[in-house]
Amino acid sequence: VMVMFMRYFFGLVFFTPFIIRAGTKGFTTSRPILHLIRVVALGVAVSCTYFTYRKLPLTLATSIGMSGPLFTTVLAMIFLKDHIRFSKWMLILLGYVGVIVAVRPHELTINIGVWTALIANLCASLSLICVKLLTRTESTFTLMLYANTATTFIAGLVACVVWETPSQADLLALVAVGGFGVFSQYCSVTAMRHAT
């Protein structure tokens, strides 16, 4: 919870100059419900991802993360009416077989870290679908503004209950996570806007 709050808080700090420049018009939207769905999905995805990193080795968590495109493809077919060619399905399924091989379910107990990794992938995919739908009418700035302010507020409420003051070294790492996180978010939303 602390990592999630700090990631979005410092991301919001880096984003503040753009908020000041835009003023209240940055919050103008015609699709508040879709923003809400995206914020909830994003919050669950990020919290599950960080929890997974605590419970699984990084290599295993990353391998499971590679199943994300399978979820995204299925959701794009359902919600965006995307046509998926047979060859693409075969490549996705081949990649998913690779994930199953990496997890080696016959050798280990499927612990909660594996389940949270899969939930994170599903929610991240849902968030991407929402972004794609929102880019048809909303600006990149508005998408980032809603995602960062809402998740900072929600995570902040929870963090108040379990607050632990980070060390100076951890604080510097969290600042970097926030900066890179908001930059990654900008790149992702821009890519979704230009994707056909």
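The structure presented is a predicted model; accordingly, all values stated were derived computationally and were not measured.
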Subject >> Cluster link L70 to L94, ILVMFWY, side chain under 4.5 Å >> reply: no
**OP:** Determine whether F14 and L42 fall in the same hydrophobic cluster, where Ile, Leu, Val, Met, Phe, Trp and Tyr are linked whenever their side-chain heavy atoms lie under 4.5 Å apart.
**Re:** yes
Original post:
Residues sharing F183's hydrophobic cluster, by side-chain heavy-atom contacts under 4.5 Å among ILVMFWY, directly or via others?
Top reply: none
**OP:** Check C123 against A41 and note the closest heavy-atom contact, atom names and distance.
**Re:** CB-O, 3.3 Å
Subject >> Pairs where residues 29-51 contributes a residue and the test ring-ring contact (aromatic ring centres under 6.0 Å, His included) is met, not counting sequence neighbours >> reply: H35-Y146
Subject >> Flag, side chain of R31 to backbone of E138, donor-acceptor distance under 3.5 Å >> reply: no
Original post:
For V44, which of I119, T49, L122 qualifies under side chain to side chain contact (heavy atoms under 4.5 Å, CB included)?
Top reply: I119
**OP:** Using the test side-chain contact (heavy atoms from CB on, under 4.5 Å), find all partners of I78 that sit at least two apart in sequence or belong to another chain.
**Re:** V74
Original post:
Between C48 and A120, which heavy-atom pair has the shortest distance, and what is it?
Top reply: CB-CB, 3.7 Å
Subject >> Set of residues satisfying side chain to side chain donor-acceptor pair (under 3.5 Å) with respect to S87, sequence neighbours excluded >> reply: none
Distance-only donor-acceptor pairs under 3.5 Å for side chains of residues 147-161, two or more places apart:
| from | atom 1 | to | atom 2 | distance (Å) |
| --- | --- | --- | --- | --- |
| N148 | ND2 | M144 | O | 2.8 |
| N148 | ND2 | Q185 | OE1 | 2.6 |
| T149 | OG1 | L145 | O | 2.6 |
| T151 | OG1 | A147 | O | 2.3 |
| T151 | OG1 | N148 | O | 3.4 |
| T152 | OG1 | Y8 | O | 3.1 |
| T152 | OG1 | N148 | O | 2.6 |

**OP:** To the nearest 0.5 angstrom, please state how far the NZ atom of K132 sits from the CG atom of D82.
**Re:** 8.5 Å
Original post:
When hydrophobic residues are tied together by side-chain contacts of less than 4.5 Å, even through go-betweens, does F9 share a cluster with V39?
Top reply: no
**OP:** State which residues pass side chain to side chain donor-acceptor pair (under 3.5 Å) with T116; sequence neighbours excluded, sorted by chain then number.
**Re:** T52
Original post:
Between OG1 of T73 and CD1 of I92, what distance do you get to the nearest 0.5 Å?
Top reply: 3.0 Å
**OP:** Examine V13 and F18 and state if one hydrophobic cluster contains both, with Ile, Leu, Val, Met, Phe, Trp and Tyr joined whenever side-chain heavy atoms are less than 4.5 Å apart.
**Re:** yes
Original post:
Who are the ring-ring contact (aromatic ring centres under 6.0 Å, His included) partners of F10, not counting sequence neighbours?
Top reply: none
Original post:
What ring-ring contact (aromatic ring centres under 6.0 Å, His included) pairs are there with at least one residue in residues 55-89, not counting sequence neighbours?
Top reply: none
**OP:** Could you tell me which non-hydrogen atom of R38 sits nearest to which non-hydrogen atom of S127, and how far apart they are?
**Re:** CG-OG, 3.6 Å
Original post:
Roughly how far, to the nearest 0.5 Å, is OH of Y53 from CG of L60?
Top reply: 11.5 Å
**OP:** List the atom of P69, the atom of G65, and the distance in Å for their closest heavy-atom pair.
**Re:** CD-O, 4.4 Å
Subject >> Sequence-distant partners of T142, side chain to side chain donor-acceptor pair (under 3.5 Å), two or more places apart >> reply: S139
**OP:** Mind checking side chain to side chain donor-acceptor pair (under 3.5 Å) for T59 and listing every partner two or more places apart, or none if nothing turns up?
**Re:** none
Original post:
So do the side chains of S188 and L128 get within less than 4.5 Å of each other, counting heavy atoms only?
Top reply: yes
Original post:
Hey, quick one: are L133 and I84 part of the same hydrophobic cluster, counting side-chain heavy atoms closer than 4.5 Å, chains of contacts allowed?
Top reply: yes
**OP:** Please round to the nearest 0.5 Å and tell me the distance separating atom CG of L75 and atom CD1 of I129.
**Re:** 5.5 Å
Original post:
Could you give all pairs that pass the side chain to side chain donor-acceptor pair (under 3.5 Å) test and reach residues 155-166, with sequence neighbours left out?
Top reply: W163-T165
**OP:** Take F141 and F15, measure what ring-ring contact (aromatic ring centres under 6.0 Å, His included) needs, and give me the verdict at the end.
**Re:** CA-CA 9 Å; F141 174 83; F15 198 55; 5.3 Å; yes
Original post:
CG of N121 to OG1 of T72: how many Å apart, nearest 0.5 Å?
Top reply: 8.0 Å
**OP:** To the nearest 0.5 Å, tell me how far C130 SG sits from L36 CG.
**Re:** 9.5 Å
May I have the list of side-chain donor-acceptor pairs in residues 167-178 shorter than 3.5 Å, sequence neighbours left out?
| from | atom 1 | to | atom 2 | distance (Å) |
| --- | --- | --- | --- | --- |
| S167 | OG | D170 | N | 3.2 |
| S167 | OG | D170 | OD2 | 3.3 |

Original post:
Within a strict 4.5 Å, meaning less than it, do heavy atoms of the T135 and V131 side chains meet?
Top reply: yes
